[in-house]
Amino acid sequence: MTYETILVERADDVTTITLNRPQAKNAMNPQMHFDMCRALAEVEADDSRVLVITGAGDSFCAGMDIKEYFYDPEGQPGGRTAARKAAFEWMFGRLRILPKPTIAAVNGWCFGGAFAWLAVCDFAIASETAKFGLSEVNWGIIPAGGVTKLVSQLLAPRDALHLIMTGEPIGARRAAEIRLINDVVPSEQLPRATLGLADELKKKNPTVLAYCKEVFRVDQTLTLEEALAFESAKWAELDVVSKKTWHQGALQFKQDRSYRPGLESYDWKK
Ligand code: COA
């Protein structure tokens with residue numbers, strides 16, 4: 001399928017979505033939200049193993065489009081309701097809980113609303129030239145649409161409030177230090193580092209990975225008692241769905257001696 005504002009490519013079981021409004025630094029206009037909804041529904045249903053999201057040109061994503069998303073719909077019938085609903089759908093209804101690993105490859109500017117979906121990607125790797133900022137305070141709004149909540153979950157309170165209240169941009173090294181991202185690499189190595197992580201993830205049993213992710217996301221909202229019960233229930237469900245794949249894992253280690261689980265993955269295709 002082709003889209004107006006994004007490119008979707010598939011190679012070696014990895015789907016890459018590239019935000020493609022480089023003339024606007026990949027700011028998210030309403031059409032981009034509609035496109036992302038459809039593209040993520042497609043990725044959810046296809047048999048790709050990993051999703052990578054990045055930006056065209058020198059920007060990752062300059063947040064919401066200040067004109068087309070915020071200013072133009074003011075006073076129009078419906079305002080920005082449809083675009084906001086689409087934004088929430090792709091970021092939280094699809095990307096956050098996509099049953100496969102997701103990697104943000106941050107190639108440049110990353111501002112405002114981009115933090116919402118950066119935070120819900122499972123992993124983030126940035127080029128050393130990337131710059132991150134919660135610029136909302138700089139132009140008179142608050143970081144909404146889940147940004148404040150997600151940043152407060154991801155970062156230590158002082159780091160989160162520094163970003164939120166100063167609007168000061170930080171470089172990729174600082175972003176890695178405060179664990180906004182997993183890693184920072186020289187620009188030319190970003191594609192290789194991203195695909196390297198994707199290759200590691202592709203070695204794992206995809207069903208088990210999907211359960212790991214679901215349990216992690218749901219556990220964040222549970223008490224310890226609830227989490228213990230939920231984890232047990234999910235393990236039992238995985239046993240049914242995967243036909244106790246872990247028996248293979250145990251036998252390949254103890255009987256075949258073909259791998260060591262502390263150091264690598266079992267052959268889940270056997
Ligand atoms: N919304 C709408 N348009 C945007 C945009 C956004 N969030 N971010 C960039 N653009 C547009 C610019 O208006 C400009 O358009 P023009 O060529 O029609 O004038 C074009 O993208 C290039 O941006 P420019 O500012 O010239 O590039 P730069 O390299 O000098 O600076 C940024 C890049 C990202 C630092 C700067 O564009 C910026 O501050 N953008 C806003 C970021 C932001 O606060 N986002 C949060 C929104 S919640």
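Both ligands and their constituent atoms are indexed starting at 1 by order of listing. Computed from a predicted model, the values in this text were never measured in an experiment.
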Identify every side-chain donor-acceptor pair in residues 142-157 under 3.5 Å, counting partners at least two apart or on other chains, and give the distances.
residue, atom, partner, partner atom, Å
T148, OG1, P143, O, 2.5
S152, OG, T148, O, 3.4
S152, OG, K149, O, 2.8

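- The two atoms that bring A126 and L190 nearest to each other are C-CD1, 4.0 Å, heavy atoms only.
- Ion pairing between D46 and K100 holds under the 4.0 Å rule for side-chain N and carboxylate O.
- When hydrophobic side chains of Ile, Leu, Val, Met, Phe, Trp and Tyr are connected at separations under 4.5 Å, F111 ends up clustered with W109.
- For residues 120-147, the set of pairs meeting the ring pair (Phe, Tyr, Trp, His ring centres under 6.0 Å) definition, not counting sequence neighbours, comprises F70-W139.
- Closer than 4.0 angstrom to ligand 1 lie heavy atoms from Q23, A24, K25, A27, A62, M64, D65, I66, W109, F111, S135, W139.
- Electrostatic pairing of R80 and E74 counts as a salt bridge here, judged by a charged N lying under 4.0 Å from a carboxylate O.
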